[in-house]
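Heads up: the structure comes next, in structure tokens.
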Amino acid sequence: MTSSSLPIVLGVTGASGLIYAVRAIKFLLQADYPIQLVASKAVHQVWQAEYGLTLPMQPDKQELFWREQAQVWEGSLTCHRPTDVAAAIASGSFRTLGMVILPCSMSTVAKLAAGLSSDLLERVADVHLKEHRPLVLVPRETPFSLIHLQNLTQLAMAGARIVPAIPAWYHRPQTIEDLVDFVIARALDQLGLDCVPLQRWQGPLS
């Protein structure tokens, strides 16, 4: 497997903001980056709360669900059950370009900071830390408590990259998607990926 064909692990947790995951899937698949996706159990509740939709449990049906939301049918997307801790991505011998967790709940942050691996998503994140591979966390919470900040600091010291879901306005966003895409682009920048259309800062406009 060449570096260009290595997959990206996308973790989705029960924080609000599933549009971040959907848009990330869209851009990664369109750019032909293989995705290994694992959603936590809480994601099912968030889909119901935010969109009134039911996320299937079966990996093949879940793949179709995510593709329908992203409206992308090409590219490689593999979904995993959160309980499948024997999945290939749970092993350090399974090579990846890195892992992005978005949105990332503070519960997940706390477990990762404590070194817990109670499900597949947490196990894979722990593997990326121990293997010194890129692990990007996109927390979607406000305000941060001292405990949140301490946990995020602990993970940053361990090598994780923290990209809060905070958009910018210098690119003159016109839609919610423009604001979401800015965050996704900055998160994928941490993996050296440039597949999100973005008006990057070029200095003050005249």
Side-chain angles (χ1 to χ4, degrees), residues 1-15 17-47 51 53-105 108 111-112 117-138 160-161 163 180 184-185 187-188 190-196:
M1 182 178 289
T2 64
S3 59
S4 61
S5 65
L6 292 177
I8 295 161
V9 180
L10 180 60
V12 187
T13 72
L18 289 174
I19 189 173
Y20 289 107
V22 171
R23 299 287 288 180
I25 291 169
K26 171 185 174 69
F27 293 123
L28 289 170
L29 290 181
Q30 287 179 337
D32 202 27
Y33 287 106
I35 300 174
Q36 297 278 330
L37 187 149
V38 54
S40 70
K41 291 181 179 179
V43 174
H44 296 76
Q45 294 175 298
V46 180
W47 269 113
Y51 298 98
L53 297 175
T54 300
L55 177 67
M57 293 293 294
Q58 302 94 323
D60 56 339
K61 292 183 179 179
Q62 190 173 125
E63 176 193 343
L64 179 60
F65 176 90
W66 287 108
R67 287 186 182 277
E68 288 176 341
Q69 303 312 310
Q71 286 296 289
V72 179
W73 309 103
E74 67 269 20
S76 174
L77 173 61
T78 303
C79 296
H80 301 273
R81 295 179 184 270
T83 55
D84 187 11
V85 293
I89 56 175
S91 172
S93 65
F94 186 89
R95 299 178 60 207
T96 73
L97 286 178
M99 180 178 187
V100 182
I101 304 179
L102 84 164
C104 185
S105 70
T108 300
K111 291 177 182 178
L112 297 182
S117 299
S118 60
D119 63 13
L120 178 61
L121 189 153
E122 295 159 15
R123 166 60 185 171
V124 179
D126 188 59
V127 163
H128 279 73
L129 285 176
K130 79 180 182 70
E131 298 290 334
H132 300 284
R133 296 177 189 158
L135 173 63
V136 184
L137 309 180
V138 184
R161 295 128 188 235
V163 184
V180 169
I184 296 171
L188 295 181
Q190 306 307 304
L191 302 183
L193 305 182
D194 184 12
C195 59
V196 181

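None of these values were measured; they are calculated from a predicted model. Throughout, numbering of the chain's residues begins at 1 and tracks the sequence.
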- Item | Listed partners of F65 passing ring-ring contact (aromatic ring centres under 6.0 Å, His included), at least two apart |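 Testing F65 for ring-ring contact (aromatic ring centres under 6.0 Å, His included), a comparison that skips the adjacent residues, returns W47.
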Counting N and O atoms only, with roles assigned by atom type, does the side chain of [X] sit under 3.5 Å from a partner on the main chain of [Y], one being a donor and the other an acceptor?
{"X": "R161", "Y": "Q190", "result": "yes"}
{"X": "Q71", "Y": "E68", "result": "yes"}
{"X": "T13", "Y": "T108", "result": "no"}
{"X": "H132", "Y": "H128", "result": "no"}
{"X": "R67", "Y": "E74", "result": "yes"}

Hey, could you give me the [atom1]/[atom2] distance between [X] and [Y], rounded to the nearest 0.5 Å?
{"X": "T78", "Y": "E63", "atom1": "OG1", "atom2": "CD", "result": "6.5 Å"}
{"X": "L112", "Y": "C104", "atom1": "CG", "atom2": "SG", "result": "6.5 Å"}
{"X": "S40", "Y": "Q45", "atom1": "OG", "atom2": "CD", "result": "9.0 Å"}
{"X": "L188", "Y": "F27", "atom1": "CG", "atom2": "CZ", "result": "9.5 Å"}

Is any side-chain heavy atom of [X] closer than 4.5 Å to a side-chain heavy atom of [Y]?
{"X": "Q62", "Y": "L37", "answer": "yes"}
{"X": "R23", "Y": "I19", "answer": "yes"}
{"X": "Y33", "Y": "L10", "answer": "no"}
{"X": "Y51", "Y": "Q69", "answer": "no"}
{"X": "T83", "Y": "L120", "answer": "no"}

- Message: Atom CD of residue position Q58 - does it have more than 12 heavy atoms of other residues, nucleotides or ligands inside 6.0 Å?
- Response: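 Correct, the count exceeds 12.
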- Task: Inspect the surroundings of NZ in K130 and state if more than 12 heavy atoms from other residues, nucleotides or ligands are less than 6.0 Å away.
- Result: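 It does: K130 NZ has more than 12 such atoms within range.
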Nearest heavy-atom pair of [X] and [Y]: which atoms, and what distance?
{"X": "A21", "Y": "L102", "answer": "CB-O, 3.7 Å"}
{"X": "A24", "Y": "I184", "answer": "N-CD1, 3.6 Å"}
{"X": "V46", "Y": "A15", "answer": "CG1-O, 3.9 Å"}
{"X": "A39", "Y": "P82", "answer": "O-CB, 3.4 Å"}
{"X": "L121", "Y": "V38", "answer": "CD1-O, 3.5 Å"}
{"X": "I101", "Y": "A125", "answer": "CD1-CB, 4.1 Å"}

- Do V12 and W66 pass the side-chain contact (heavy atoms from CB on, under 4.5 Å) test, and can you show the C-alpha distance, the side-chain angles, and the key distance before you say yes or no? CA-CA 12 Å; V12 187; W66 287 108; 4.2 Å; yes
- Task: Examine the side chains of T54 and H44 and answer whether a donor and an acceptor come within less than 3.5 Å of each other.
- Result: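 There is no such pair (donor and acceptor under 3.5 Å, judged by atom type) between the side chains of T54 and H44.
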- Could you please spell out the steps behind the side-chain contact (heavy atoms from CB on, under 4.5 Å) verdict for I35 and L29? CA-CA 8 Å; I35 300 174; L29 290 181; 3.8 Å; yes
- Name all residues meeting the salt bridge (Lys or Arg N to Asp or Glu O under 4.0 Å) criterion together with R133; count only those two or more places apart in sequence or in a different chain, and write none if there are none.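 For R133 there are no salt bridge (Lys or Arg N to Asp or Glu O under 4.0 Å) partners, ignoring immediate neighbours.
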- Task: Please name all residues satisfying salt bridge (Lys or Arg N to Asp or Glu O under 4.0 Å) with D84, sequence neighbours left out, ordered by chain then number.
- Result: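 D84 satisfies salt bridge (Lys or Arg N to Asp or Glu O under 4.0 Å) with no residue once adjacent residues are dropped.
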